[in-house]
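Everything on this sheet refers to the single structure shown next.
We name chains A, B, ... by the order of the sequence lines, and we start the count at 1 in each one.
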Amino acid sequence: MHTIPTGKISDFQTKLLTWFYLHGRQFPWRETQLNPYQAIIAEVLLQRTKAETVAKMYLDFLYQYPDWQSILSTPIEQLEESFKPIGLYRQRASGLKRLAAAMASHQFELPSEQAALAALPLFGQYILNAITLVVLQKPAPLLDVNMARLLERYFGERKLADIRYDPYLQELAHIVVASPNSLELNWAMLDFAALICKAGKPRCELCMLQADCVFFQKIY
DNA sequence: CTCCCGCAGG
DNA sequence: CCTGCTGGAG
């Protein structure tokens, strides 16, 4: 990747954190320290689904399915019914079933090795980073389409179409969240991308980053 | 790269 | 009507 000035990154971090403490969103999965099961459920529910939509059923889902055993003992058809209101119900149900089975063979403990973690069902690029950040409490980027859009608008466009295989975006995201405030920085980027740096109609007039934003400089 | 899914918002 | 949403698997 081409070099990104250190000053531009620290300015980006500082402004986003300040914005987050004023305008960040509140969600039930952000309020308490989640155990691995709860964190995985949150990520499964959030895949390709608006956080506001998930917020309406997250606690109800955890109440009905409090642990891996409850997933194992529930017929797949019933699990699908629980997922139907938010879509992608067959993938979520089968994925969670397969992960629950894998967890059972690991005595319901998350593998400590990164490679073993990545080999688990459902553990793609995003969920692996999410668990590293939320459960293991180590810096890692929640690099979804929203964070990718924010990063490439501000720092410059990526080369590859798929964010999951773009080394420039991956490295940039890791650098930005390499901070003691990694969790808050991640949430700040997700919230800012969802509310201000939106996909369709970005609210550039409300943005405190426009002076150094590649996207803003290009269109204005 | 494509499909999966329903809902919210425009 | 159409677009986009804290992706993963085939």
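The A/Thr53 side chain lies nearest to B/dA8 when the options are C/dG4, B/dA8, C/dA9. Of the candidate nucleotides C/dC5, B/dC4, C/dG8, C/dC5 has the atom lying nearest to any side-chain atom of A/Val145. Distances were taken from every side-chain heavy atom of A/Leu88 (C-beta onward) to each of B/dA8, C/dA9, C/dG7; the shortest belongs to C/dG7. The A/Arg90 side chain lies nearest to B/dC5 when the options are C/dG7, B/dA8, B/dC5. Side-chain proximity of A/Gln91 to B/dA8, B/dC5, C/dC5: nearest is B/dC5. Comparing atom distances between the A/Tyr89 side chain and each of B/dC4, C/dC5, B/dG6 picks out B/dG6 as nearest.
Distance check on atom P: B/dC5 versus C/dG10 gives 13 Å, rounded to whole Å.
The cationic atom of A/Lys15 (NZ for Lys, CZ for Arg) does not lie both less than 6.0 Å from the six-membered ring centre of A/Phe192 and within 45° of the ring axis.
Using a 4.0 Å heavy-atom distance criterion, A/Lys201 is classed as making no nucleic acid contact. Within 4.0 Å (heavy atoms only), A/Glu43 reaches at least one base atom of the nucleic acid. As judged by a 4.0 angstrom heavy-atom cut-off over every strand, A/Ile127 is placed among residues touching the sugar-phosphate backbone only.
Map A/Leu122 and A/Arg30 each onto its nearest nucleotide of DNA chain C; the residue landing nearer the 5' end is A/Arg30.
Using modelled atom types, one side-chain atom of A/Asn186 and one backbone atom of A/Ala140 make a donor-acceptor pair closer than 3.5 Å.
The aromatic rings of A/Phe216 and A/Tyr220 are tilted relative to each other, their planes meeting at an angle between 30° and 60°.
A/Ile40 and A/Leu72 fall within the same hydrophobic cluster, defined by Ile, Leu, Val, Met, Phe, Trp and Tyr side-chain heavy atoms under 4.5 Å apart, directly or through other members.
A close approach under 4.0 Å does occur between a side-chain nitrogen or oxygen of A/Arg149 and OP1 or OP2 of C/dC5.
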